[in-house]
Every structure is written in structure tokens, then in C-alpha cells.
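What you are looking at is a predicted structure, and each value in this text was computed from that prediction instead of being measured. A, B, ... follow the sequence lines: proteins, then strands. Residue 1 opens every chain.
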Protein chains: 2
Amino acid sequence: MKLAICSAPKGRPREFCVDEALAQALRVFWSKGYEGASLTDLTDAMGITRPSLYAAFGNKEALFRKALDLYEREKLCYMSQALDAPTARDVAERLLRGALEMQASDCEPRGCLRVISSVACGVEAESIRDEVIARRKSSMEALIKRFEQAEEAGELPDHMDAEGLAAYLGALLQGLSLQAGAGASREELERLVETSLAVWPTR
Amino acid sequence: MKLAICSAPKGRPREFCVDEALAQALRVFWSKGYEGASLTDLTDAMGITRPSLYAAFGNKEALFRKALDLYEREKLCYMSQALDAPTARDVAERLLRGALEMQASDCEPRGCLRVISSVACGVEAESIRDEVIARRKSSMEALIKRFEQAEEAGELPDHMDAEGLAAYLGALLQGLSLQAGAGASREELERLVETSLAVWPTR
DNA sequence: CAAGTTTCATAATGATCGGTATATAATCAC
DNA sequence: GTGATTATATACCGATCATTATGAAACTTG
């Protein structure tokens, strides 16, 4: 009994690489947002026709979710890695510098796909918005847990709580992404990061 | 020769109040963004028909600009007032608390119209986006100037520059607006503000 | 009253939106 | 070869987009 894993595909073979097409779709969503990206924008960038897109990815919303998965897997991996840093300050530094490096890249869109997908929008994008907000929430909860550890380890000043510090750092990261998306230079973003690190609270 | 100022209006009188209609339009743009707000959304909220809207405001883009003017005049006035505060720290406190009070209001949309209008978008909204970004830039330049004053007054730590501090505070305010727009509670926003003030750099 | 002017409501414009029906082309198993 | 299956390309679908043409209604002036 043969396993299905190596079964030869039936029918006409696909003429494009799904992963490459998805990467191109990600770039479009990243630079134009979910609503701003039309199917024409997407198919043009992906180099495929509309029926091919629908056959391979379902529909626009499903395509966005797959693109968002790819984005978080490839571009936001520094965020979960940062939590392994030894101190709360090191966590913050890794997050800020990671965001800076990503936003300062010249060959990729500016701004953060999560941030631009979580702002006000028309009705068609509300479920997308809700999902992105939920994903951010779980990221923030992980950050809060990490800062609670630091709190117990006595790293934080007495009057400072883990939730407040996480919301504070999250706001800085969101602002960094917004400013990058609005065209800030690398130097400006560096100044922002250095200032943030300079004021980071130590006990 | 009579002056035109007190001339009686000819023709059929307008049946709606332009200012009230503009205020309603602002609420729609504020909660849905420029692209997310359809003309049907707008005319429904304003209680007028499409031709009336075009006769009174020009077109969708001109209506948005007038709504943005109103927004900055009525909702963002605390920002310019904050610059009069005696110290850099007081400026920051007024800005953060002013943003908090505005975002915590229950009877108005959450988030900041400037922030949601400056993110990635489709082609039709690019000129809007550019204008909003330009307006924010001039606000930031005023903040930088105010912090340069503080720098000369010796208020800032030696290794800290006005531009970096302004970008830093601006990022916090942007993050605050984003989190408010994403549904953060007043308590969460308060914690964010208190943490920001607690870490504010003093010489 | 009638002429002139402006706003009103209705309905239509062409363009674009996301999504598909249809037919053809390329591969498989037999 | 034939039949089944899947991907391709073209063209189309109804819905919605911002904008406007049209004509009746409401007002001022003469």
C-alpha cells in the first residue's frame, strides 16, 4: 500500500511557484494594506491570473491570512526570540533593534503589516482587523509574562508593573513602525531607538 | 454701494446646517478612515443627499480635508497648547494626558484621525496620506523646537538630543492612539501614560 | 404674477471592486 | 490512442465605488 506522499500529481501541472506568488502577495498587502490591495494589484505582482489565485489560495481574505502567516514567520521571528534575552532591558533592546533593522531594510516595504492592518477600515476588512488585533494581543501577553518574570527577579523599579511596561514598549514599537511607514529615515529611527534605550527604567 | 456681507441669499435656502453635517462626516472618517468611508456612509450620517454634499463641500477629498481641519481645530488643540508648558517634562505630560483624555472619551470614535490616515492605502488616498503626513511633520517640528529650547535651558540629560526625544514622544503618542483604536480600556491607556511619565528622562 | 437662482430628490453615469463561468491546454492513468 | 483531472486564459458577473445629469421645489427680485 503506497503512501500518498509521493503520489504523482494528476492533471496539468501548475506553472508558478505557490511560495513565490505568496511572497509577492505579501509585498502588495504590506505596502497597500488589505483594502488598498486590489485583485489586479495582486495578480499583476504575483504573475498569475485571477482563477489561478482563487484555485491556489481560496479568496482574497484567505490569501491575506496566508500572507500574514508568512510575514509573522519570516519578519516577526525576532519578536519571540527577543523574549529569551536574560533581562527585561535586553528584551526591550532586542525588540527595538530588531524592529529597527527590519524597518531600515531598503528592499522591503516600510511599516508593519500588523500595524497597518489594525487601523480603522471599511466593513469588508473588519474580520481581518479583528484577527490582527487578536494576534497582537497574544504577542503582548507573552511580553507581559516575560516582564512579570523580570518583576519577580527584582529587575523593575518598585512602582512599575509588567503590564504598564509592556504597553509602553508596545507603543514605542508601534510608533516606530508608523514613522517608518511614513517615510522616516534610518537615522531618525535610530535616534528613536537610542532614546528609548537611554530612558529604559532600571532599578 | 452695498457690501456683499449682509446680502440676503438668493435661491432656495439650504435645509441643513453645514457645520453639523461636517461634524457628522468627521465622525464617519474618524471611525472608518478615508477609504473605508463610502459616500453612502457619509450622506446617511450627515442626513443629506449626494448632490447636496457635492454642492456644499466639493467632493469626497475636499470634504475630508475640511473634516481634518475641524478635527485638528477641535480635537488636537491640546497639542499646541501643550508646548506652552514650562518644562519639557510638562510638555510631555500635557501631551500624554491630553491624548489620554481624548482617547478615553466614550461618545467619540477611538483612535486618531491623523494616525489612521497616514498608514498604507490604495492609490486614491495617497494625496490624503501625503497631506496628513506633512501636517504631522510640521507638528513634530514645533515639538522639536520646543525641546531645543529645553535643551538650551539645560533640562535634558547630556546625551539626549531634542530630535530623538521628540521622535520618542511622538512614537508614544502614536502607539497610544493605535492601542485606543484597537479597543484598549481606559485603565490600559492610563497605565501606558503613567509608565511613560515615570521613565521620562530628567537631568 | 413671472424671471432668476439655488437646493432638493431621483436616478443614472462609467469605472472598479471581488469573484466566476467557460473553454482550452497540459498532464496523468489506462 | 481515450478519458479523467487540473491549470490556464479570456471574458464576464452583479455589486459598489465616486460623481453627476435631470427636473421639480423653494426662495428672492422685479
[X] and [Y] ion-paired at < 4.0 Å:
X	Y	answer
Asp41(A)	Arg27(A)	no
Arg97(A)	Glu101(A)	no
Glu141(A)	Lys145(A)	no

Find the distance between OG (Ser196(B)) and CG (Leu172(B)) and round it off to the nearest 0.5 Å.
4.5 Å
Rounded to the nearest 0.5 Å, how far apart are CG of Leu22(A) and CG of Leu42(A)?
10.5 Å
Would you please test Asp130(A) and Lys137(A) for salt bridge (Lys or Arg N to Asp or Glu O under 4.0 Å) and show each step?
CA-CA 10 Å; Asp130(A) 292 343; Lys137(A) 190 180 175 190; over 6 Å; no
Which atom pair, heavy atoms only, marks the closest approach of Ala88(A) to Trp200(A)?
O-CZ2, 4.0 Å
By nearest nucleotide on DNA chain D, pick out whichever of Glu15(B) and Lys60(B) is the more 5' one.
Lys60(B)
Note: for Ser38(B) and Lys10(B) on DNA chain D, the residue whose nearest nucleotide lies more 5' is Ser38(B)
Determine all donor-acceptor pairs shorter than 3.5 Å in which one atom belongs to a side chain in residues 9-16 of chain B; sequence neighbours excluded.
unit_1   : atom_1 : unit_2   : atom_2 : d
Arg12(B) : NH2    : Glu15(B) : OE2    : 3.0

Looking at Glu35(B) and Glu35(A), would you say the former's side chain and the latter's main chain have a donor-acceptor pair under 3.5 Å?
no
Would you jot down, in residue-number order, the residues of residues 39-46 of chain B having a non-hydrogen atom under 4.0 Å from DNA chain C?
none
Nucleic acid contacts of residues 18-36 of chain A, taken as heavy-atom distances under 4.0 Å to DNA chain C:
none
Outer limits of DNA chain D sitting under 4.0 Å from a non-hydrogen atom of chain A, read 5' to 3', are dT5(D) to dT10(D)
Take Lys75(B) and Cys112(B), measure what side chain to side chain contact (heavy atoms under 4.5 Å, CB included) needs, and give me the verdict at the end.
CA-CA 9 Å; Lys75(B) 307 296 173 188; Cys112(B) 172; over 6 Å; no
Kindly list each side-chain donor-acceptor pair under 3.5 angstrom involving residues 118-127 of chain A, sequence neighbours excluded, with atom names and distances?
unit_1    : atom_1 : unit_2    : atom_2 : d
Ser118(A) : OG     : Arg114(A) : O      : 3.3
Ser118(A) : OG     : Val115(A) : O      : 2.9
Ser127(A) : OG     : Glu61(A)  : OE2    : 3.0

One pair to check against salt bridge (Lys or Arg N to Asp or Glu O under 4.0 Å): Arg191(A) and Glu187(A). What are the steps and the verdict?
CA-CA 6 Å; Arg191(A) 260 199 289 265; Glu187(A) 285 70 31; over 6 Å; no
Students should find this one: the first and last nucleotides of DNA chain C, 5' to 3', lying under 4.0 Å from a heavy atom of chain B. What are they?
dT5(C) to dT10(C)
Contact nearer the 5' end of DNA chain C, comparing Ser52(B) with Gly11(B)
Gly11(B)
Pick the nucleotide of DNA chain C nearest each of Pro13(B) and Arg50(B); which residue has the one closer to the 5' end?
Pro13(B)
Can you list the steps and then say if Met140(A) with Glu188(B) is a side chain to side chain contact (heavy atoms under 4.5 Å, CB included)?
CA-CA 12 Å; Met140(A) 285 302 294; Glu188(B) 291 176 283; over 6 Å; no
